[in-house]
Amino acid sequence: LQDFQLDDVSNGEFSYCNVSQVITASECVFRDMHKELNLGDFTRIRQSHFNKRTVPKEKLAEWLETVCHILDSFSIPLLKNAMSNMDSIKKRVDDLQKEKINDQKEIIQLKDKIIEKKSDARP
């Protein structure tokens with residue numbers, strides 16, 4: 001499990017590469033768990049699987065440490081950053097919608113002026 005390396009995202013900035021690294025690291029941990037617990041690839045890991053006496057305490061501690069590290073150092077900052085990005089995107093969309101409404105009002109006013117000038121120009 002120590003073979004994978006994750007870039008530091010503690011500053012809150014991330015790229016798709018960081019997301020890919022977190023997914024790869026998580027898959028690595030789960031593959032190791034499935035192999036050690038003799039589970040099929042798509043079997044959901046449950047608490048009862050960890051209670052097997054064949055799983056060394058050291059292995060359980062390694063998994064727990066790795067998963068906590070992934071969550072605390074990477075997954076949580078990435079989720080916080082994504083939420084922050086969503087807030088700024090939502091604000092930008094709201095601003096664009098307001099601009100569109102104002103532009104449409106201006107177009108209507110200009111059309112009204114054109115109609116009014118055409119009416120005034122007729123004898």
Side-chain angles (χ1 to χ4, degrees):
L1 291 177
Q2 279 89 28
D3 291 345
F4 60 84
Q5 182 65 33
L6 297 169
D7 295 336
D8 182 23
V9 294
S10 58
N11 62 1
E13 294 183 19
F14 73 101
S15 67
Y16 288 108
C17 180
N18 298 122
V19 174
S20 177
Q21 288 175 333
V22 170
I23 291 169
T24 301
S26 299
E27 288 173 349
C28 179
V29 172
F30 289 125
R31 255 193 322 274
D32 192 45
M33 288 178 177
H34 279 89
K35 180 181 168 191
E36 187 77 29
L37 297 170
N38 293 318
L39 300 174
D41 288 342
F42 299 103
T43 305
R44 182 173 175 214
I45 299 173
R46 300 193 166 274
Q47 178 183 350
S48 60
H49 296 127
F50 295 113
N51 290 331
K52 294 180 179 179
R53 298 217 184 270
T54 58
V55 180
K57 207 177 220 183
E58 293 78 20
K59 195 65 162 170
L60 293 170
E62 179 185 2
W63 291 337
L64 182 60
E65 178 185 11
T66 303
V67 170
C68 287
H69 178 66
I70 291 170
L71 281 172
D72 189 46
S73 300
F74 304 99
S75 297
I76 293 171
L78 290 172
L79 287 171
K80 285 181 180 178
N81 186 284
M83 290 302 297
S84 174
N85 284 344
M86 288 303 295
D87 289 343
S88 65
I89 290 169
K90 185 180 181 316
K91 183 184 179 328
R92 180 68 180 137
V93 168
D94 289 344
D95 290 344
L96 289 171
Q97 286 175 334
K98 288 176 185 173
E99 281 181 39
K100 181 181 176 185
I101 290 169
N102 289 335
D103 289 346
Q104 287 174 335
K105 285 179 182 177
E106 189 175 335
I107 289 170
I108 291 169
Q109 289 171 349
L110 290 171
K111 283 182 178 180
D112 287 345
K113 284 182 183 179
I114 290 171
I115 292 170
E116 186 178 311
K117 284 187 179 187
K118 282 184 180 178
S119 297
D120 289 345
R122 288 190 186 153

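Residue numbers count from 1 along this sequence.
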Should L64 and F50 count as side-chain neighbours, where that means a heavy-atom distance under 4.5 Å?
no
Quick one: list whatever passes side chain to side chain donor-acceptor pair (under 3.5 Å) with N102, sequence neighbours left out.
none
Does the side chain of V29 reach to within under 4.5 Å of the side chain of H69, using non-hydrogen atoms?
no
Kindly give the heavy-atom pair with the smallest separation between H49 and R44, and that separation in Å.
CE1-O, 3.3 Å
Nearest 0.5 Å, what's the NZ-CD1 distance between K100 and I107?
10.0 Å
How long is the span from the OG1 atom in T24 to the CD atom in Q21, to the nearest 0.5 Å?
7.5 Å
CH2 of W63 to CG of L37, rounded to nearest 0.5 Å, is 4.0 Å
Does this structure show an ion pair linking D94 with K98, if we count only N-O contacts that are shorter than 4.0 Å?
no
Between E62 and K59, does any side-chain N to carboxylate O distance fall below 4.0 Å?
yes
Heavy-atom distance under 4.5 Å between the side chains of V22 and S26, does that happen here?
yes
From N38 CG over to E36 CD, what is the distance, rounded to the nearest 0.5 angstrom?
8.0 Å
Heavy-atom side-chain proximity of E27 to I23 below 4.5 angstrom:
yes
When you look at CD of Q104, are more than 12 heavy atoms from neighbouring residues, nucleotides or ligands closer to it than 6.0 Å?
yes
Please name all residues satisfying side chain to side chain donor-acceptor pair (under 3.5 Å) with K91, sequence neighbours left out, ordered by chain then number.
D95
Side-chain heavy atoms of S119 within contact of E116, under 4.5 Å
no
